[in-house]
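Report on the structure given below.
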Amino acid sequence: MNNPIKRIGLILGFLFLFPALFFTAIEINSINESERVLENIYSNQLETILLSVNRFSDDVLNSWANDLESKNAFNNSNSFSYQLEDFFKNKRSLQNIFLTDTSYSRFTFFNNNNASSKDEIVNLLKSSQNKIEKLYNYITSGYRKLEPLSNDSLGINCVVYIVEQNGRKFLLGFLINPDEFINSVLAPKIQEVARDDIVIRTTRTKDNNLIYTTDKFFNDKPIETQKEFWLFPNYQIGITLKGESLENIVKSRSYFNLSLLGGLNLLLLIAVIFLFRSIKKEIHLAQLKSEFVSNVSHELRTPLALISMFAETLELGRVKTEEKKNEYYKIISNEAQRLSKIVNSILNFSKMESGKRKYHLEPANLNEVIENVISTYKFHLNSKGFNIELNLTDKLRSSKIDKEAISECLINLIDNGIKYSKDEKKLLISSNQDDEFVYLSVTDFGIGISKEDQKKVFDKFYRVPSNLVHNTKGTGLGLSIVFQIINAHGGKIEVKSEIDKGSTFTLFFPIEK
Ligand code: ADP
């Protein structure tokens with residue numbers, strides 16, 4: 001019985017879940033990949049912006065060097081200060097210029113504004129001899145390179161390069177005040193590249209002191225990409241987006257996509273489970289129906305066979321005594337009743353299924369219905385050896401019921417009580433009421449129903465799959481008919497049962513207001 005269900009489960013899994021998982025894995029991979037690509041592009045872009053600021057400072061210093069060259073400043077050293085008066089104008093960041101020969105013996109400052117002493121500078125130059133030698137090599141090949149040299153503790157920031165004068169080479173240095181340079185020379189350029197979307201901030205590395213920012217309102221926003229200043233290695237320039245950082249945007253986008261994917265998968269899983277369940281239910285129902293057909297055929301065949309056998313015996317005049325004849329008539333009438341009961345229950349069921357059964361609800365007393373049924377059934381019950389105990393509450397309030405339908409329910413419950421009892425042939429039938437309902441219950445002391453099966457016994461065609469039940473005749477329709485009738489009355493049905501101890505079925509009907 002489980003095989004087709006397992007097979008369908010596997011097919012559904014392969015058809016829906018496997019492709020979904022596969023697609024999810026690919027999608028997660030591609031989301032991660034695009035996240036990496038985007039982050040790379042973004043960080044490259046930030047770096048390019050920072051690079052353009054560095055390049056600009058290089059351009060400024062080159063223009064200073066060109067300017068000095070055009071002034072022919074070094075050909076007439078006597079008029080240095082005079083000629084450079086103009087040069088220093090509008091260059092507040094430029095503290096001084098020095099010129100020295102290779103051995104540092106001829107060392108000249110261009111003006112008297114000395115923030116650092118000659119010795120300190122010469123020491124710095126000597127300690128950077130390697131770099132300086134390279135500058136000499138470059139100039140021999142016709143390339144003038146500017147080299148920043150700094151000594152943070154002495155507060156020296158200079159940029160040196162080699163100049164040629166009458167075939168001789170000298171080292172020239174610009175002594176620069178970085179704070180001033182950043183604020184007066186670089187600020188306009190930084191502002192230009194920052195535009196409205198990004199914030200560029202420059203800080204002194206050692207104390208993280210803010211030197212310049214394009215937007216004070218974003219001072220607390222963490223920097224995303226940071227670079228050393230080419231000109232002042234002990235200063236940093238950092239950049240961040242004013243709005244959400246791209247990393248965060250990409251991250252939240254990825255989270256969103258992943259949760260969407262997860263949600264879709266969950267939905268698919270729920271749909272598959274739902275589909276699987278309803279297919280399972282249908283298969284189960286189909287199995288129950290086929291069991292039902294074989295049950296009913298068996299149920300019909302037995303009384304028919306008995307009726308025809310006894311009728312034939314009577315017809316052939318083989319029964320001699322009146323007593324025997326009466327016994328056979330009784331068998332024939334009982335079996336005919338059984339037949340009509342089965343046929344009726346099938347007809348009732350199919351009427352209910354097609355929604356054609358109409359109920360005639362009228363205020364009535366439940367006790368009356370019970371007493372009526374018992375009086376007609378007493379003989380049948382006694383003949384089966386059953387002892388009935390009635391426990392009806394007086395002054396039961398009235399309820400709107402279809403008496404015929406409720407009698408049918410009660411007969412079904414009594415029939416089951418008889419069928420599923422063992423040695424203790426006793427039925428307890430009682431009525432009672434609470435604030436909302438009047439109720440009747442039928443208790444037997446028979447085989448009982450397991451907790452699991454108690455949920456299923458009201459399903460159509462369901463019969464508890466135990467040997468005893470299968471030896472007992474039935475269609476699996478009785479309780480489902482009872483269930484539908486009670487539903488149509490706006491009532492409810494309860495079962496309390498214990499294996500081998502017995503069962504109590506209680507039918508509740510709303511009290512008439
Ligand atoms: P059936 O024609 O098989 O009796 P019902 O719908 O009346 O069909 O009952 C469904 C199943 O519930 C039965 O097959 C039986 O297994 C179980 N059942 C019903 N009533 C009782 C009871 N009083 N005691 C034990 N089992 C019961």
Side-chain angles (χ1 to χ4, degrees), residues 284-285 287-303 337-353 357 370 373 377 380-381 384-389 405-430 439-488 492-507:
H284 188 57
L285 201 63
Q287 278 162 342
L288 287 179
K289 269 184 190 163
S290 86
E291 270 170 39
F292 166 78
V293 171
S294 81
N295 271 342
V296 167
S297 324
H298 178 77
E299 287 274 285
L300 294 176
R301 207 184 304 130
T302 321
Q337 266 177 30
R338 215 171 105 191
L339 264 182
S340 84
K341 223 197 247 167
I342 296 169
V343 173
N344 274 342
S345 83
I346 294 171
L347 285 179
N348 267 344
F349 175 76
S350 80
K351 240 189 198 171
M352 274 179 196
E353 282 288 279
R357 178 154 186 180
I370 299 172
V373 169
Y377 247 66
H380 172 68
L381 283 162
K384 295 246 171 201
F386 271 83
N387 182 13
I388 302 271
E389 204 175 290
I406 301 310
S407 304
E408 197 183 324
C409 291
L410 184 55
I411 292 168
N412 262 318
L413 296 184
I414 293 174
D415 259 353
N416 282 349
I418 296 170
K419 281 198 289 190
Y420 304 111
S421 281
K422 292 195 287 186
D423 303 332
E424 192 162 1
K425 300 189 176 227
K426 184 171 132 190
L427 292 182
L428 200 69
I429 299 175
S430 57
Y439 51 89
L440 75 85
S441 53
V442 178
T443 304
D444 64 63
F445 303 87
I447 60 170
I449 308 166
S450 71
K451 274 258 157 335
E452 179 127 346
D453 282 317
Q454 286 174 26
K455 291 177 216 148
K456 301 180 188 165
V457 287
F458 300 103
D459 291 350
K460 47 194 171 192
F461 310 124
Y462 187 79
R463 306 197 74 214
V464 177
S466 78
N467 287 341
L468 190 57
V469 170
H470 279 293
N471 293 336
T472 317
K473 296 183 176 76
T475 55
L477 289 182
L479 284 182
S480 92
I481 291 174
V482 173
F483 184 79
Q484 294 193 41
I485 292 176
I486 300 304
N487 256 354
K492 59 181 182 175
I493 184 163
E494 238 177 51
V495 55
K496 284 190 182 130
S497 185
E498 223 177 301
I499 292 284
D500 286 337
K501 294 242 166 85
S503 317
T504 299
F505 285 85
T506 310
L507 311 182

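Counting convention: from 1, in listed order, for ligands and their atoms alike.
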Exercise for the section: Check if N412 has a non-hydrogen atom at a distance under 4.0 Å from any atom of ligand 1. Expected result: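 For ligand 1, residue contact (heavy atoms, under 4.0 Å) with N412 is absent.
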
Within the 4.0 Å heavy-atom shell around [X], which atoms of ligand 1 are there?
X    : result
V457 : 10 (C), 12 (O), 17 (C)
R463 : 1 (P), 3 (O), 14 (O)
Y462 : 10 (C), 11 (C)
L477 : 6 (O), 8 (O)
D444 : 22 (C), 23 (N)
K419 : 1 (P), 2 (O), 4 (O)
F505 : 20 (N), 23 (N)

Out of [options], who gets a non-hydrogen atom closest to [atom]?
atom                   : options                : value
atom 4 (O) of ligand 1 : Y420, F445, F458       : Y420
atom 1 (P) of ligand 1 : G478, G446, G448, G476 : G476
atom 6 (O) of ligand 1 : L479, V482, D415       : L479

If the threshold is 4.0 Å, N to carboxylate O, is there a salt bridge linking [X] and [Y]?
X    : Y    : answer
K422 : D500 : yes
E408 : R357 : yes
D415 : K341 : yes

Problem - Contact summary for L300 and P303, nearest pair of heavy atoms - result: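 Result for this residue pair: O-CD, 3.4 Å.
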
Handout entry: Exercise: do N348 and S345 side chains pair donor with acceptor under 3.5 Å
Key =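 No donor-acceptor contact under 3.5 Å links the two side chains.
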
Handout entry: Heavy-atom donor-acceptor pair, E424 side chain to G446 backbone, under 3.5 Å
Key =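 No; zero donor-acceptor contacts below 3.5 Å.
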
Exercise for the section: Please state whether the rings of F505 and F458 are parallel, tilted or perpendicular, taking 30° and 60° as the class boundaries. Expected result: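 Perpendicular.
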
Problem - Atom CZ of F349 with >12 non-hydrogen neighbours under 6.0 angstrom - result: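 Counting other residues, nucleotides and ligands, CZ of F349 exceeds 12 neighbours.
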
Practice task
Would you check the N or O atoms of I447, main chain and side chain alike, for any that come under 3.5 Å of an N or O of ligand 1?
Solution key: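 Not met; the criterion fails.
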
